[in-house]
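A quick write-up on the structure given underneath.
Excluded from the calculations below are hydrogen atoms, water molecules and symmetry mates; all remaining heavy atoms, backbone and side chain alike, are included.
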Amino acid sequence: MITVVVPVLNEEENIPALLKEIAEASRAVPISEIIYVDDGSTDKSVAVLQSLKGDYKALRVVCHSRTSGQSAALWTGIKAAGNDIIVTLDGDGQNNPADIVHLYNLYNLYKRCAADFPKLMVAGERRKRNDVWIKRISSRLANHIRSSLLRDNTRDTGCSLKLFRRKDYLVLPYFDHMHRFLPALMIRDNVRVLHVSVSHRPRTSGVSKYGTLDRLAVGIADLWGVWWLLKRPFAHPETAEDISEAV
């Protein structure tokens with residue numbers, strides 16, 4: 001079964017429609033749990049989520065008392081998940097939940113063809129990014145630099161639509177902004193990373209939580225930090241339970 005993890009920060013207008021689409025996607029893939037992680041919203045996001053729990057039995061709501069960032073929200077949601085298979089997507093509605101079936105089908109196909117290699121991640125790559133031109137250009141440049149340095153063979157690591165095993169994620173080294181480097185971190189840990197083309201929709205409500213310059217500033221430091229990590233593989237417990245006990 002699949003747990004869908006959705007981090008949100010001040011997305012009250014986008015929650016109802018996206019949640020409905022995730023529920024509709026569960027007709028095609030075995031989604032039994034939907035975890036929304038509110039990262040310290042100051043709008044009515046939490047109230048909206050609580051009001052929808054009666055309509056969606058699979059919905060769970062986890063709240064941060066203060067804004068901690070997308071990586072922290074994902075970590076919280078994935079640790080709280082009750083299923084071994086995780087799908088992540090953004091809470092702004094730009095990822096289409098209908099594309100989850102493409103990730104799931106590729107995951108199952110590979111498992112049948114390579115049963116001796118269970119560690120697998122399927123990463124979505126946006127066919128056409130529906131954002132302002134400055135974001136598209138800066139993202140293309142950043143992806144090129146990152147892929148060249150880390151050799152993760154991933155064209156679009158910024159696409160939040162990903163599928164992977166919970167146990168493979170929870171043994172990764174945690175740091176702020178780690179979600180931007182998941183393919184490289186997974187590969188470091190001997191996880192096979194596959195890619196599938198997915199759609200990307202324009203934002204219809206709310207505002208982006210990221211600016212171009214601030215993302216660039218932290219991205220440079222993080223990139224060198226991840227490069228350093230890739231040069232230093234480490235042994236770790238094999239199960240998520242082991243690592244969660246140690247944290």
Pairing residues for Asp43 by the side-chain hydrogen bond (donor to acceptor under 3.5 Å, both in side chains) criterion, not counting sequence neighbours: Ser45

I'd like to know whether Tyr104 forms a side-chain contact (heavy atoms from CB on, under 4.5 Å) with Asn108, so could you lay out the CA-CA distance, the side-chain angles of the two residues, the decisive distance to 0.1 Å, and finally the verdict. CA-CA 6 Å; Tyr104 184 68; Asn108 279 330; 3.0 Å; yes

How many angstroms lie between atom CZ of Arg180 and atom CE of Met178, to the nearest 0.5 angstrom? 12.5 Å

Please report the shortest heavy-atom distance between Leu18 and Val6, naming the atom on each side. CD2-CG1, 4.3 Å

With a 3.5 Å cut-off and no angle check, do the side chains of His179 and Ser71 form a donor-acceptor pair? yes

Results of ring pair (Phe, Tyr, Trp, His ring centres under 6.0 Å) for Tyr169 - residues two or more places apart only: Trp75, Phe164

Hits for side-chain hydrogen bond (donor to acceptor under 3.5 Å, both in side chains) against Asp92, two or more places apart or cross-chain, chain-then-number order -> none

Atom CD1 of Ile15 and atom CG of Asp38: how far apart are they, to the nearest 0.5 Å? 7.0 Å

Could you check whether Glu21 pairs with Arg27 (Lys NZ or Arg NE/NH1/NH2 to Asp/Glu carboxylate O, under 4.0 Å)? no

Could you pull out all residues at least two apart from Ser68 that satisfy side-chain hydrogen bond (donor to acceptor under 3.5 Å, both in side chains)? none

Please determine if Lys162 and Glu125 form a salt bridge, counting it only when a charged side-chain N lies under 4.0 Å from a carboxylate O. no

Residue set satisfying salt bridge (charged side-chain N to carboxylate O under 4.0 Å, His left out) with Asp168, at least two apart, ordered chain then number -> Arg165

Distance check, rounded to the nearest 0.5 Å: Lys44 atom NZ versus Glu13 atom CD? 10.5 Å

When you compare the side chain of Arg126 with that of Arg201, does any pair of heavy atoms fall below 4.5 Å? no

Does one hydrophobic cluster hold both Met1 and Ile34, with members joined at side-chain heavy-atom distances below 4.5 Å? no

Hydrophobic cluster membership, Leu109 vs Ile85, 4.5 Å side-chain cutoff: no

Side chain to side chain contact (heavy atoms under 4.5 Å, CB included) partners for Val61, two or more places apart: Leu49, Gln50, Lys53, Leu59, Cys63

Counting distance only, does the side-chain N/O of Arg188 pair as donor-acceptor with the main-chain N or O of Pro183 below 3.5 Å? no

Please check if Leu74 and Phe175 belong to a single hydrophobic cluster, counting links between Ile, Leu, Val, Met, Phe, Trp and Tyr side chain heavy atoms closer than 4.5 Å. yes

If you compare all heavy atoms of Cys159 against all heavy atoms of Asn95, which two are closest, and at what distance to 0.1 Å? SG-ND2, 4.2 Å

Counterpart residues, side chain to side chain contact (heavy atoms under 4.5 Å, CB included), relative to Ala25 (two or more places apart): Ile31, Pro97

Validation row: Gln94, Ser160 side chains within 4.5 angstrom (heavy atoms): no

Calculate, to the nearest 0.5 Å, the distance between atoms CG and CG belonging to Leu230 and Asp189 respectively. 11.0 Å

On a heavy-atom basis, the closest approach of Met121 and Val191 is N-CG1, 3.7 Å

Arg192 and Ile187, any side-chain heavy atoms less than 4.5 Å apart: no

Are Tyr174 and Leu182 connected, step by step, through hydrophobic side chains (Ile, Leu, Val, Met, Phe, Trp, Tyr) whose heavy atoms are closer than 4.5 Å? yes

The criterion is side chain to side chain contact (heavy atoms under 4.5 Å, CB included); which residues satisfy it with Ser199, sequence neighbours excluded? Asn96, Asp99, Arg127

Between CG of Asn14 and CG of Leu19, what distance do you get to the nearest 0.5 Å? 12.0 Å

Single-linkage hydrophobic cluster Val46~Val5, side-chain heavy atoms < 4.5 angstrom: no

Which residues share a side chain to side chain contact (heavy atoms under 4.5 Å, CB included) with Thr67, sequence neighbours left out: Leu9, Asp39

How close do Ala58 and Ser32 get, heavy atom to heavy atom, and via which atoms? CB-O, 3.5 Å

Evaluate the side-chain proximity of Ile35 to Val4: yes if any heavy-atom separation is below 4.5 Å, no if none is. no

Shortest non-hydrogen contact from Gly54 to Lys57? O-NZ, 3.4 Å

Would you say the side chain of Leu194 lies within less than 4.5 Å of the side chain of Tyr107, judging by non-hydrogen atoms? no

4.5 Å side-chain heavy-atom contact, Leu103 and Leu161: yes

With a 4.5 Å cut-off on side-chain heavy atoms, are Lys167 and Leu170 touching? no

Partners meeting side-chain hydrogen bond (donor to acceptor under 3.5 Å, both in side chains) with Thr3 (sequence neighbours left out): Glu33, Asn83

Spacing of Glu12 atom CD and Ser41 atom OG [to the nearest 0.5 Å]: 8.5 Å

What pairs meet the ring-ring contact (aromatic ring centres under 6.0 Å, His included) rule with one or both residues in residues 19-47, with sequence neighbours excluded? none

